[in-house]
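The structure under discussion appears below in the form of structure tokens.
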Amino acid sequence: LESNLEASQKADSILNHSLKNRMADAAGEVEIFLDTYQGPKQQLEKSIASLRQGMKLCQQRQVYLKMMAGNYRPRMLPCDLYNFGTSLSSGRRLFRQVFSKMWAKLDTVACEMILENALSNAFKHGCPEDPGVSFTISVDDPDEDSPEFQVVFRVTNRPHPDRPRLTDDYIQSLIRQVPTEFSRCVPVLSDQVGLSHCFAIAKTCGFELSLTEEDGLVAFENRVIAER
């Protein structure tokens with residue numbers, strides 16, 4: 001089992017590096033094409049943005065390994081909330097996006113991982129005709145005299161008409177699936193990374209995470225205590 005795990009981690013590292021390079025090549029080729037292309041460019045520019053975001057995620061592999069291994073320690077970094085939201089929105093057709101124009105110190109890597117998952121799920125599992133995905137970043141009543149304030153990341157979408165309604169019991173069942181210690185037989189970055197692990201990471205970082213469905217709208221919310 002030990003040798004299988006080590007081999008799996010090495011293979012994953014090689015695959016991660018290869019995928020990052022392939023995405024960089026693809027983005028470069030599209031950019032070269034756009035230099036001479038005279039037609040509509042919006043969709044191709046969105047494709048480039050998606051590839052760039054994928055490359056960025058590949059570069060954060062070591063952080064994700066620590067998250068999944070359960071030994072991650074939050075890191076507070078300065079963040080322009082408007083640029084942060086714009087970066088996550090790149091390559092995605094959103095119904096609505098509104099981002100606070102403030103700076104805050106927070107764990108950008110953990111927030112990015114959670115929100116990438118939330119946005120992807122909103123598009124994949126939302127209404128197939130029009131998911132109507134909205135993404136907002138707001139600040140709850142910032143008090144200038146306080147060194148801390150709350151940042152609210154919110155992703156909403158129209159639910160899939162053929163999927164069962166999200167209930168509290170279902171959400172809790174997802175959270176309970178989070179293992180306290182990863183099996184040594186399972187690759188560290190397996191397909192298990194998803195909603196349940198977002199809740200685990202949120203707990204580690206002290207985030208307040210919620211997923212609800214009310215009045216024909218699925219809402220994913222991540223509340224983070226940030227520093228000035």
Side-chain angles (χ1 to χ4, degrees), residues 46 49-50 53-54 57 64 67-68 72 74 79 81-82 84-100 102 104 106-142 149-180 189-226:
K46 285 185 177 181
S50 294
Q53 186 67 14
L57 294 175
Y64 293 152
M67 286 180 176
M68 296 301 98
Y72 179 72
C79 173
L81 297 178
Y82 184 84
F84 182 70
T86 301
S87 176
L88 282 167
S89 302
S90 297
R92 293 181 164 113
R93 183 175 294 178
L94 295 172
F95 171 72
R96 177 173 176 262
Q97 59 184 64
V98 180
F99 309 130
S100 174
M102 284 187 62
L106 47 79
D107 193 317
T108 56
V109 175
C111 285
E112 184 175 40
M113 188 238 176
I114 289 172
L115 292 167
E116 274 286 344
N117 184 82
L119 287 164
S120 294
N121 282 344
F123 281 99
K124 286 191 299 183
H125 305 308
C127 180
E129 286 80 18
D130 179 15
V133 180
S134 295
F135 177 31
T136 63
I137 303 176
S138 60
V139 175
D140 269 4
D141 299 323
F149 58 97
Q150 190 173 67
V151 179
V152 182
F153 302 92
R154 183 176 173 85
V155 177
T156 62
N157 66 273
R158 296 171 60 204
H160 195 299
D162 298 330
R163 291 180 179 272
R165 186 178 182 277
L166 292 177
T167 63
D168 290 340
D169 288 342
Y170 174 72
I171 300 303
Q172 290 302 316
S173 70
L174 287 177
I175 298 173
R176 286 194 296 269
Q177 288 176 12
V178 180
T180 56
L189 289 183
S190 71
D191 292 337
Q192 292 185 13
V193 180
L195 181 61
S196 58
H197 291 99
C198 286
F199 276 90
I201 293 167
K203 184 177 180 180
T204 298
C205 297
F207 301 162
E208 184 181 337
L209 216 60
S210 66
L211 177 62
T212 58
E213 181 178 342
E214 293 181 1
D215 300 325
L217 198 67
V218 176
F220 182 99
E221 195 169 272
N222 182 27
R223 292 179 172 266
V224 176
I225 300 300

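FYI, the numbering just counts along the sequence from 1. Quick caveat: nothing in here was measured; it's all calculated off a predicted structure.
- Ile114 is listed as a side-chain neighbour of Phe220, based on a closest heavy-atom distance under 4.5 Å.
- For the atom pair CD of Gln97 and CG of Leu88, the computed distance is 10.5 Å after rounding to the nearest 0.5 Å.
- Within 6.0 Å of CZ in Phe123 there are more than 12 heavy atoms belonging to other residues, nucleotides or ligands.
- Interatomic distance, Ile201 CD1 to Cys111 SG, rounded to the nearest 0.5 Å: 10.5 Å.
- Here the straight-line distance linking atom CG of Leu94 with atom CG of Leu119 works out to 6.5 Å at 0.5 Å rounding.
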For residues 209-217, run the donor-acceptor check on the side chains, cut-off 3.5 Å, and write out each pair with its distance to 0.1 Å, sequence neighbours left out.
| unit_1 | atom_1 | unit_2 | atom_2 | d |
| --- | --- | --- | --- | --- |
| Glu213 | OE1 | Leu166 | N | 2.9 |

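- Annotation: side-chain hydrogen bond (donor to acceptor under 3.5 Å, both in side chains) contacts of Arg93 (sequence neighbours excluded): Gln43.
- Nearest heavy-atom pair across Pro131 and Ala122 is CB-O, 3.9 Å.
- The shortest heavy-atom contact between Thr108 and Cys79 is CG2-CB, 3.6 Å.
- Remark: Phe95 CZ to Asp130 CG distance equals 8.0 Å, nearest 0.5 Å.
- Considering all non-hydrogen atoms of both residues, Gly85 and Ile137 come closest at CA-CD1, 3.6 Å.
- For the pair Phe153 and Phe207, the minimum side-chain heavy-atom distance is 4.5 Å or more.
- Shown here for Cys127 and Pro159, the closest heavy-atom pair between the two residues is CB-O, 3.6 Å.
- Residue pairs meeting the side-chain hydrogen bond (donor to acceptor under 3.5 Å, both in side chains) criterion with at least one partner in residues 158-167, sequence neighbours excluded, are His125-Arg163.
- In this structure, Leu115 and Phe84 approach most closely via the heavy-atom pair CD1-CE2, 3.9 Å.
- Atom-to-atom distance recorded for Asn117:CG and Lys124:NZ is 7.5 Å, nearest 0.5 angstrom.
- Heavy atoms only, all atoms of each residue included: Leu81 and Ser100 are closest at CB-O, 3.5 Å.
- Between Phe135 and Arg92 the shortest side-chain heavy-atom distance does not fall below 4.5 Å.
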